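Scroll down for the structure; my scribbles are underneath it.
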Amino acid sequence: MNRFEAMHQFVRVVELGSFAAVANQLGVARSVVTRQIAGLEEHLGIKLLVRSTRSLTLTSAGSAYLEKCRVILDLVESAEAGVMEERLAPRGNLRISLPLSFGLKRLAPLMLDFSRIYPEINLAMDFTDRKMNLIEEGIDLSVRITSRLEPGDIVRKLGTSRLLTVASPDYLAARGRPQHPSELAGHACIGYSPHANNRPWSFWVDGRLENFHLPFRLQANNGDALIEAAAQGLGITVQPDFIACDYLAAGKVETLLEAFAPPELGIYAVLPSNRYMPQGVRVLIDFLSDRLASAAATARECSEDEKKPNLRT
């Protein structure tokens, strides 16, 4: 029995929750994985897992052994990668999950640049707003835009995105311009709702974050659809700047409630675990962080230029 391989499979069985899932990832029969774990238990003389027809449960000894296995595997991976990285350019396969709108508008061009700079890294990009189980679905890195991280999320912050409250000039001419978030209850509101339930809109009011539960006239799980509805005069919506910017530049929508800014969204690189980070993932995170920071600085400069009065000579 190869104990290192058995340890690795033991960790994967715990992470994925079944022998079959590990066997599918490795492309081997389930019995191969089962024999490896059984051989490991026999070698150690302890029970690591309690098996039932529907679940696997770690024993107390198995839980302690799991943590030691992770440390050992991390050290081995780190040692091997450190030696290899000294002589090799970044290479290998990376599967990346990217948010739909931000991914297509802002990240896709960056990913193409990254692919040109690092031709030996093979990229598989999955554009979706669905929250994925990174370990189960074999995702090396996910980019997530959110104001709420989940407990246990392993992230590196790449940047921020402002939320803007917008409506079309026609809508505001017909219904009036709200001066305070509390007045939104008397307007047609268009809300982002990924789980088909109304989420409150949050605004900073007198230095405090306040939530406003509003009846949404329209709901969708895609910001591009919602900003288009607002541009057509169907109501007021709150959207991130990367979705609203083109509509604002074209005069299709206007900002409102500027004195009551919603909290910013964080742009995060989310990792499947806190184990050793492969070289390709580390290089990609650094690349995205640098490029998004540069883009944000340019956007701020443009915004300031727009606020300056036109001087004629």
Side-chain angles (χ1 to χ4, degrees), residues 1-51 55-97 118 120-124 132-144 149-156 268-286:
M1 178 189 66
N2 184 323
R3 270 188 280 170
F4 181 78
E5 182 180 344
M7 290 169 61
H8 186 267
Q9 290 190 17
F10 168 64
V11 172
R12 296 300 291 164
V13 166
V14 174
E15 290 177 341
L16 297 181
S18 76
F19 292 93
V22 176
N24 287 337
Q25 279 198 353
L26 297 176
V28 299
R30 182 181 183 277
S31 58
V32 173
V33 179
T34 303
R35 283 198 300 271
Q36 284 275 25
I37 305 304
L40 186 60
E41 290 177 323
E42 182 180 354
H43 170 76
L44 296 171
I46 57 172
K47 202 74 172 172
L48 299 173
L49 296 163
V50 177
R51 306 161 180 79
S55 65
L56 294 173
T57 306
L58 279 168
T59 64
S60 59
S63 181
Y65 185 67
L66 174 67
E67 295 310 311
K68 291 182 173 62
C69 285
R70 283 175 167 160
V71 171
I72 292 169
L73 293 172
D74 283 349
L75 287 172
V76 172
E77 289 178 1
S78 179
E80 290 181 348
V83 172
M84 294 174 67
E85 287 172 11
E86 290 182 0
R87 62 183 182 84
L88 295 175
R91 65 181 61 201
N93 301 319
L94 290 182
R95 188 174 176 210
I96 315 298
S97 174
Y118 299 101
E120 295 187 61
I121 294 180
N122 303 316
L123 287 175
M132 306 176 81
N133 186 311
L134 305 188
I135 293 176
E136 288 185 0
E137 302 189 47
I139 303 295
D140 297 296
L141 176 72
S142 173
V143 175
R144 189 181 304 163
L149 290 171
E150 299 293 332
D153 278 346
I154 302 160
V155 303
R156 174 171 166 185
Y268 299 96
V270 186
L271 299 166
S273 75
N274 59 0
R275 295 176 58 195
Y276 171 76
M277 187 188 302
Q279 182 190 20
V281 173
R282 186 169 65 253
V283 168
L284 176 57
I285 289 176
D286 290 341

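Values reported hereafter were calculated over all heavy atoms of this structure, with side chains retained and with hydrogens, waters and symmetry mates removed. A quick note: this is a predicted structure, and the numbers were derived from the prediction, not measured.
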Donor-acceptor pairs are to be reported for all side-chain atoms of residues 16-26 against protein atoms at under 3.5 Å, with residues two or more places apart or in another chain.
from: Ser18; atom 1: OG; to: Ala21; atom 2: N; distance (Å): 3.0
from: Asn24; atom 1: ND2; to: Ala20; atom 2: O; distance (Å): 3.3
from: Gln25; atom 1: OE1; to: Arg12; atom 2: NH2; distance (Å): 2.8

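- In terms of modelled atom types and a separation under 3.5 Å, the side chain of Glu41 and the main chain of Leu48 share a donor-acceptor contact.
- For the atom pair CG (Leu141) and CZ (Arg144), the distance works out to 10.5 Å, reported to the nearest 0.5 Å.
- Side chain of Asp74 to backbone of Val71: no donor-acceptor contact under 3.5 angstrom is found.
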Inset, instruction - List the steps and the verdict of side-chain contact (heavy atoms from CB on, under 4.5 Å) for Asn122 and Leu94. - result: CA-CA 6 Å; Asn122 303 316; Leu94 290 182; over 6 Å; no

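- Side-chain contact check for Leu56 versus Val14: every heavy-atom pair is 4.5 Å or farther apart.
- Screening Glu67, Met7, His8 for a side-chain contact (heavy atoms from CB on, under 4.5 Å) with Ile72, the sole residue that qualifies is Met7.
- Looking at Tyr118 and Leu284, their side chains never come closer than 4.5 Å, going by heavy atoms from C-beta outward.
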Inset, instruction - Decide yes or no on side-chain contact (heavy atoms from CB on, under 4.5 Å) for Val33 and Gln36, but give the supporting numbers first. - result: CA-CA 5 Å; Val33 179; Gln36 284 275 25; 5.6 Å; no

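- A heavy-atom distance below 4.5 Å is found between the side chains of Leu49 and Ile37.
- With a 4.5 Å cut-off on side-chain heavy atoms, Ile121 and Leu123 count as touching.
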Legend entry - Test log, rule side-chain contact (heavy atoms from CB on, under 4.5 Å), inputs Phe4 and Leu73: CA-CA 8 Å; Phe4 181 78; Leu73 293 172; 3.4 Å; yes

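- Taken from CD in Glu150 to CG in Asp153, the straight-line distance is 6.0 Å, to the nearest 0.5 Å.
- Minimum interatomic distance between Ser142 and Leu134 (heavy atoms only, all atoms of both residues): CB-CD2, 3.7 Å.
- The residues Arg70 and Glu15 are annotated as salt-bridged, a charged nitrogen and a carboxylate oxygen being separated by less than 4.0 angstrom.
- Qualifying side chain to side chain donor-acceptor pair (under 3.5 Å) partners for Arg30, counting only residues two or more places apart in sequence or in other chains: none.
- Closest approach of Phe10 and Gly62 over heavy atoms only: CZ-O, 3.7 Å.
- With respect to the salt-bridge test (charged N to carboxylate O, under 4.0 angstrom), the residues Glu42 and Arg3 do not qualify.
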Inset, instruction - Please lay out, stage by stage, how Ile46 and Thr59 fare under the test side-chain contact (heavy atoms from CB on, under 4.5 Å). - result: CA-CA 9 Å; Ile46 57 172; Thr59 64; over 6 Å; no

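- One finds the CG atom of Leu40 at 11.5 Å from the CD atom of Glu5 (value rounded to the nearest 0.5 Å).
- With contacts defined as side-chain heavy-atom distances shorter than 4.5 Å, the pair Ile154/Val270 does not qualify.
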